[in-house]
Novice: 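What follows is a single structure, and I will ask about it in a moment.
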Amino acid sequence: MTRPTPAELEAARDRVIEDVVAGGLSVLFCGINPGLMSGATGHHFARPGNRFWPVLHLSGFTPRQLKPSEQRELLSYGLGITNVVARTTARADELSDEEFREGGRLLAAKVERLKPRWLAVVGVTAYRTAFAERSARIGPQERTIGGSRVWVLPNPSGLNAHWSLQAMAEEYGRLREAAAGQVREVSDR
């Protein structure tokens, strides 16, 4: 695949890309919103500096590092991807608090319909705004949506310098272990 031109990236503004979802997933990952590269390619977390795909592999969610163009393979691992806000922008700060709150409402309805075991929101600030949880921290949350548990993960954007690749993989790995433990609990019944 060739890299989109600047004109193609700009033309991708405000697009909506298709979710990678199914009912009953183990973990539904939820990005903040798609970037222009994702809008231009139709693939989640498509920007080359984004660490989502490497972190998924390093944390043990996938047996190898997937490319954004292989995103549909996530379903075979019980994983999916959606976003808090559907429209593409160059930067997340182009989104209003109202868009985040509406996105949180729509996300909650989606989670209630799809019933993943875990909703994993990648970005604590987006989670705080979307769900009016000002004191939320990285990790498992008290909130549930329907029967789904919620975990807030660090944003894998290359701009998030507060988290190293290894520290991020460890946090994602904590969720993977919790999800695996939950699967075992369910299968033992």
Side-chain angles (χ1 to χ4, degrees), residues 17-34 38 43-84 104 107-108 110-128 130-131 133 136-189:
I17 64 173
E18 186 178 337
D19 287 341
V20 177
V21 296
L25 295 170
S26 177
V27 179
L28 177 59
F29 291 96
C30 180
I32 298 169
N33 78 303
S38 290
H43 304 127
H44 294 272
F45 301 103
R47 188 166 202 56
N50 194 293
R51 299 174 289 178
F52 179 78
W53 299 104
V55 165
L56 270 192
H57 173 61
L58 291 171
S59 64
F61 274 111
T62 59
R64 65 179 178 84
Q65 184 176 319
L66 299 176
K67 298 178 185 104
S69 62
E70 298 173 308
Q71 65 187 12
R72 300 223 45 94
E73 286 186 35
L74 289 176
L75 296 173
S76 69
Y77 304 118
L79 308 173
I81 305 175
T82 189
N83 289 287
V84 175
L107 177 59
K110 187 179 297 183
V111 168
E112 287 179 13
R113 186 179 83 250
L114 295 173
K115 300 179 182 354
R117 283 189 214 95
W118 286 92
L119 170 66
V121 179
V122 297
V124 69
T125 303
Y127 177 80
R128 287 173 180 160
F131 292 100
E133 297 270 348
R137 303 248 184 267
I138 297 294
Q141 306 301 303
E142 292 296 320
R143 170 188 298 272
T144 58
I145 301 173
S148 302
R149 302 274 321 269
V150 178
W151 196 295
V152 176
L153 293 167
N155 183 342
S157 167
L159 301 175
N160 184 2
H162 299 296
W163 285 82
S164 70
L165 185 66
Q166 186 57 43
M168 204 174 292
E170 289 170 11
E171 185 61 31
Y172 280 56
R174 287 181 57 219
L175 169 59
R176 183 189 52 74
E177 290 170 7
Q182 191 174 19
V183 170
R184 279 194 294 277
E185 290 172 13
V186 171
S187 64
D188 288 344
R189 288 190 189 143

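FYI, the numbering just counts along the sequence from 1.
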Novice: Which atom names give the shortest non-hydrogen contact between Leu28 and Gly80, and what distance separates them?
Specialist: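 Heavy atoms only, the tightest pair is CD1-C, 3.6 Å.
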Novice: Just so I know, are the side chains of Trp151 and Glu171 near enough to count as touching, which here means a heavy-atom distance under 4.5 Å?
Specialist: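 When only atoms from C-beta onward are counted, Glu171 and Trp151 do touch, with a gap below 4.5 Å.
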Novice: Could you tell me which non-hydrogen atom of Ser59 sits nearest to which non-hydrogen atom of Gly173, and how far apart they are?
Specialist: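 Between these two residues, the closest heavy atoms are CB-N, 3.5 Å.
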Novice: Examine distances only and state if a side-chain atom of Arg143 and a backbone atom of Phe131 form a donor-acceptor pair shorter than 3.5 Å.
Specialist: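 Present.
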Novice: What's the verdict on ring-ring contact (aromatic ring centres under 6.0 Å, His included) for Phe45 and Phe29, showing C-alpha distance, side-chain angles and the deciding distance?
Specialist: CA-CA 11 Å; Phe45 301 103; Phe29 291 96; 8.2 Å; no
Novice: For Thr82 and Leu114: C-alpha separation, side-chain torsions, deciding distance, then whether side chain to side chain contact (heavy atoms under 4.5 Å, CB included) applies.
Specialist: CA-CA 12 Å; Thr82 189; Leu114 295 173; over 6 Å; no
Novice: Please report the interatomic distance CZ(Arg117) to OG(Ser26), rounded to the nearest 0.5 Å.
Specialist: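 Reported to 0.5 Å precision, the distance equals 4.5 Å.
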Novice: Measure the shortest side-chain to side-chain distance between Gln141 and Tyr127 over non-hydrogen atoms and say whether it is less than 4.5 angstrom.
Specialist: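 The answer is yes, as the side chains (C-beta and beyond) meet within the 4.5 Å cut-off.
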Novice: Could you give the distance from CG (Asn83) to CD1 (Ile17), rounded to the nearest 0.5 Å?
Specialist: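 Taking CG in Asn83 and CD1 in Ile17, the distance rounds to 6.0 Å.
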Novice: Is it the case that over 12 heavy atoms from other parts of the model lie below 6.0 angstrom from the CD atom of Glu70?
Specialist: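 Yes, CD of Glu70 has more than 12 neighbouring heavy atoms, counting only those of other groups under 6.0 Å.
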Novice: If we only count heavy atoms from C-beta on, is the Leu75 to Leu25 side-chain gap below 4.5 Å?
Specialist: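 Yes. Closest side-chain heavy atoms under 4.5 Å.
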Novice: In sequence, state the C-alpha distance, the side-chain angles, and the governing distance for Thr62 and Leu74, and then conclude on side chain to side chain contact (heavy atoms under 4.5 Å, CB included).
Specialist: CA-CA 8 Å; Thr62 59; Leu74 289 176; 4.0 Å; yes
Novice: Can you measure from NZ (Lys67) to NE2 (His43) and round to the nearest 0.5 angstrom?
Specialist: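 Spacing of NZ (Lys67) from NE2 (His43) equals 11.5 Å.
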Novice: Met168 and side-chain contact (heavy atoms from CB on, under 4.5 Å): which single residue from Leu153, Val55, Leu58 fits?
Specialist: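 Going through the options one by one, the only one that passes is Val55.
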Novice: Measuring only between side-chain heavy atoms, which start at C-beta, is Arg137 closer than 4.5 Å to Val152?
Specialist: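 No, side chains not in contact.
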Novice: Could you tell me which non-hydrogen atom of Ala130 sits nearest to which non-hydrogen atom of Val84, and how far apart they are?
Specialist: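 Heavy atoms of Ala130 and Val84 come nearest at CB-CG1, 3.8 Å.
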Novice: Just so I know, are the side chains of Trp163 and Ile138 near enough to count as touching, which here means a heavy-atom distance under 4.5 Å?
Specialist: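 In contact.
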Novice: Mind checking whether Ile32 and Val122 have side chains closer than 4.5 Å, heavy atoms only?
Specialist: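 The answer is no; the side chains never approach within 4.5 Å.
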Novice: A side-chain contact here means heavy atoms from C-beta on lying under 4.5 Å apart; do Leu107 and Leu119 qualify?
Specialist: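 In short, these two side chains touch, coming nearer than 4.5 Å.
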Novice: In the structure I gave you, are the side-chain heavy atoms of Lys110 and Asp19 within less than 4.5 Å of one another anywhere?
Specialist: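 They are in side-chain contact.
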Novice: Which atom names give the shortest non-hydrogen contact between Pro140 and Arg149, and what distance separates them?
Specialist: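 Where Pro140 meets Arg149 most closely, the heavy atoms are CB-NH2, 4.1 Å.
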Novice: Of all the heavy-atom pairs spanning Val150 and Thr144, show the shortest one and how long it is.
Specialist: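 For Val150 and Thr144, the tightest heavy-atom pair comes out as CG2-CA, 4.5 Å.
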Novice: Measuring from Gln65:CD to Trp53:CH2, what's the distance to the nearest 0.5 Å?
Specialist: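 One gets 9.5 Å once the value is rounded to the nearest 0.5 Å.
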Novice: Count the heavy atoms of every other residue, nucleotide or ligand shown that sit under 6.0 Å from CZ of Arg51, and state whether that count exceeds 12.
Specialist: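 Enclosed.
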Novice: Passes side chain to side chain contact (heavy atoms under 4.5 Å, CB included), Gln71 versus Glu18? Steps please.
Specialist: CA-CA 11 Å; Gln71 65 187 12; Glu18 186 178 337; over 6 Å; no
Novice: Can Glu177 and Arg174 be counted as an ion pair, charged N to O under 4.0 angstrom?
Specialist: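 No.
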